[in-house]
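All chains are named by letter (A, B, ...) in the order of the sequence lines, taking the proteins before the strands, and each is independently numbered beginning at 1.
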2 protein chains.
Amino acid sequence: MSEHGKSTATDAVYDLLCRAIIEQSLKPGMRLPEDTVGEQFGVSRTIVRHALVRLESEGLVVSKRNRGAFVAEPTLEEARQIFEVRRCLEAEVTRLLVQRMPRTGFDALEAHVRREHGVKGKDGPVSIRLAGEFHVLMAELSGNDVLAKYVTQVVRRCSLIMAMFANSHSSDCAVDEHSQIIAAIRAGDTARAVALMEHHLGAVADRAKFDATPDTVEAILARYGRELAQ
Amino acid sequence: MSEHGKSTATDAVYDLLCRAIIEQSLKPGMRLPEDTVGEQFGVSRTIVRHALVRLESEGLVVSKRNRGAFVAEPTLEEARQIFEVRRCLEAEVTRLLVQRMPRTGFDALEAHVRREHGVKGKDGPVSIRLAGEFHVLMAELSGNDVLAKYVTQVVRRCSLIMAMFANSHSSDCAVDEHSQIIAAIRAGDTARAVALMEHHLGAVADRAKFDATPDTVEAILARYGRELAQ
DNA sequence: GCCTTCAGGATCGTATCCAATCTGCGCCAG
DNA sequence: CTGGCGCAGATTGGATACGATCCTGAAGGC
C-alpha cells in the first residue's frame, strides 16, 4: 500500500471491514483469515491484524485463540443488552439536542431524512446504513464526542444484529419516525422527543426479536450450517 | 516471555499499562515508546502495539502518527463530555439495579463499601481505584455486560481526569454516598437512587472542575514541565 | 543576530520470517 | 464397522528487519 499519506493503511482496512460487516457483505459467523483479507486488500497480515484488534475491541468481530477472527454472532441476550444501552444513550442524545441543537443542525438532519426517503424503496444495505447514520448524525450534533463515539459503536453492533435476526430491512427505521423526532426536538418538547426516540428504538428491537423467535432446531441448525459453509 | 499460557501477552501488557495509568504511575502526557515498554515487559513491539491500540480505542492513550503513543491528557471539555456520558450510563445502571438486583448483589456491594472504609484514610491510588471499582461492580451487577464494559471504560477515563485535575483524591467518592445509593436501591426508590447517583457523580465532577479553574499560565507550564521530564 | 535549511537520530509503519497451535484426514486396533 | 491415535497442512502468534516519516539541532546565508 502506502500511496498517499492520507491515513494509515490500518484505518483503511478497518473502515472497509467495518462497512462490509455492516452492509452484510460479511455475514455473522464468517471467518476472516488474515492472509485472505490481506491479499484481498493488498496489504500485509500485520495491517489486517491491527484492524481486527480494533474491530474486536468494538465487538464487531470475535477472535478465538489460534483459531482466527470471525464476524461476531451476537446472541439474543447480547442483542437485548446492546439495545438497552442504545436506548439509554440515544435518549441522552435526544435530551441534549433539545437543550442545545447547533445552528445548522436541523438542516443537516432534514437533509439526511430526504436522502433516506430517496433510497426508501431500494435495496437493504444502503438503507440500513443510512438509517444508522441518521442516529450517528444526531449523536454528533449533540456536541459530545464521547457520546457520539459510543453511539456509533452501538449503532454498528445493532446493524449487525439486524443483519442476523431481522429479515425485512427495508422498514428498519421508519423514516417518518425520524421526522417526528426532529419535530419534537424543534418544538422543545423533551418528554415527547425522548418518548418518540425510545419508542422508535423499541420498535426496531422488537422487530428484530420477533423475527428471531423461531429459536427452533432448524433455525439453530441453519445458523450453524451457514457457519459450516465458511 | 511465553512461560505461562494463562492468557495472551497482549492482555497482560494491556492490564499493566491500564493500571499504571489509572494509578498515576504513568502520568498524563507521558510518552510511551513501543521499544521502551516492550523491553520493560520483555515482549516485542508487536505486543505493545496491540495493547496500545486497545488503550487508544478506550481513550486512555492517544497516538500521533509517527510520533508514538502518549498517555491521554483530557481537556476540560473532554472531561465534561465524559462525565456527561458517565452520569447517563450510571443512571441507567441504577435504574436497572432497582429493577433487578441479583441475589448476592447487596452483599457484594456492602462488602466493597467496607473495604473502602478500610483504606479511607490511606493513600490516594488504592482509594481512587476502589472508588472506581465500586461503580464498576454496580455496573456488573446490572447484568448487562455491554453496559458494564462502557461503564468500566468511562470510569477509567474519569480516574485519569481526576488524576489530572483533582488534588484531593482522598475524598473523591464519599463512601457515605455509596452507602446511601445502596440503601435507596434496596428501598426500591428509583427516583431517589438515580438522584443520589447523579448528585454523587455531579459532586465528583464539580470537584474536579473546581480544582482545574487555575488554567493560568503556571498551571499549563507545570504540566508541560512534567512532560518535559519524560 | 535571526531565520532558513539540511543532516542526524529516533521512532513508527509495514513486510517478512520462524515457532506454536489447531484442524483434518488417514491408519490401525478392537 | 467404530473409535482412538498420530502425522501433515494450514493458520495464527510473535519477533525481527527494513524503509519512511518526523523531530532535533546545528550550520550557513541574509
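Look at B:R87 and B:E84 and you find no salt bridge, because none of the NZ, NE, NH1 or NH2 atoms lies under 4.0 Å from a carboxylate O. Between B:D11 and B:R54 a salt bridge is recorded (basic side-chain N to carboxylate O distance below 4.0 Å).
The shortest heavy-atom contact between A:L16 and A:F41 is CD1-CE2, 3.0 Å.
The side chain of A:A9 approaches C:dT14 more closely than any other nucleotide in the set C:dT14, C:dA15, D:dG13.
In this model, the phosphate group of D:dT12 is not approached by any side-chain N or O of A:R67 to a distance below 4.0 Å at OP1 or OP2.
For a distance-only test at 3.5 Å, the side chain of A:R49 qualifies as a donor-acceptor partner of the base of D:dG14. Counting atom types as modelled, B:R45 pairs a side-chain N or O with a base atom of C:dG13 as donor and acceptor under 3.5 Å.
Residue-to-nucleotide proximity on DNA chain C shows that, of B:P33 and A:T46, the 5′-proximal contact is made by B:P33.
Straight-line distance from the NZ atom of B:K64 to the P atom of C:dT11: 16 Å, rounded to whole Å. For B:H50 and C:dC12, the NE2 to C1' distance is 14 Å, given to the nearest whole Å. Computed from coordinates, the A:E34 CD to D:dG14 C1' distance equals 11 Å when rounded to whole Å. Atoms CD (A:E39) and C1' (D:dA10) sit 14 Å apart, rounded to a whole Å. Taking atom CD1 of residue B:I47 and atom C1' of nucleotide D:dT16, one finds them 13 Å apart after rounding to whole Å. Per the geometry, CZ belonging to A:F41 stands 18 Å off C1' belonging to C:dA15, to the nearest Å. Note: CG (A:D35) to P (C:dC17) measures 14 Å, nearest angstrom.
With A:K27 contributing its side chain and A:I21 its backbone, the two residues share no donor-acceptor pair below 3.5 Å.
Counting any heavy atom pair closer than 4.0 Å across all strands shown, A:T10 reaches sugar-phosphate atoms only and no base atom.
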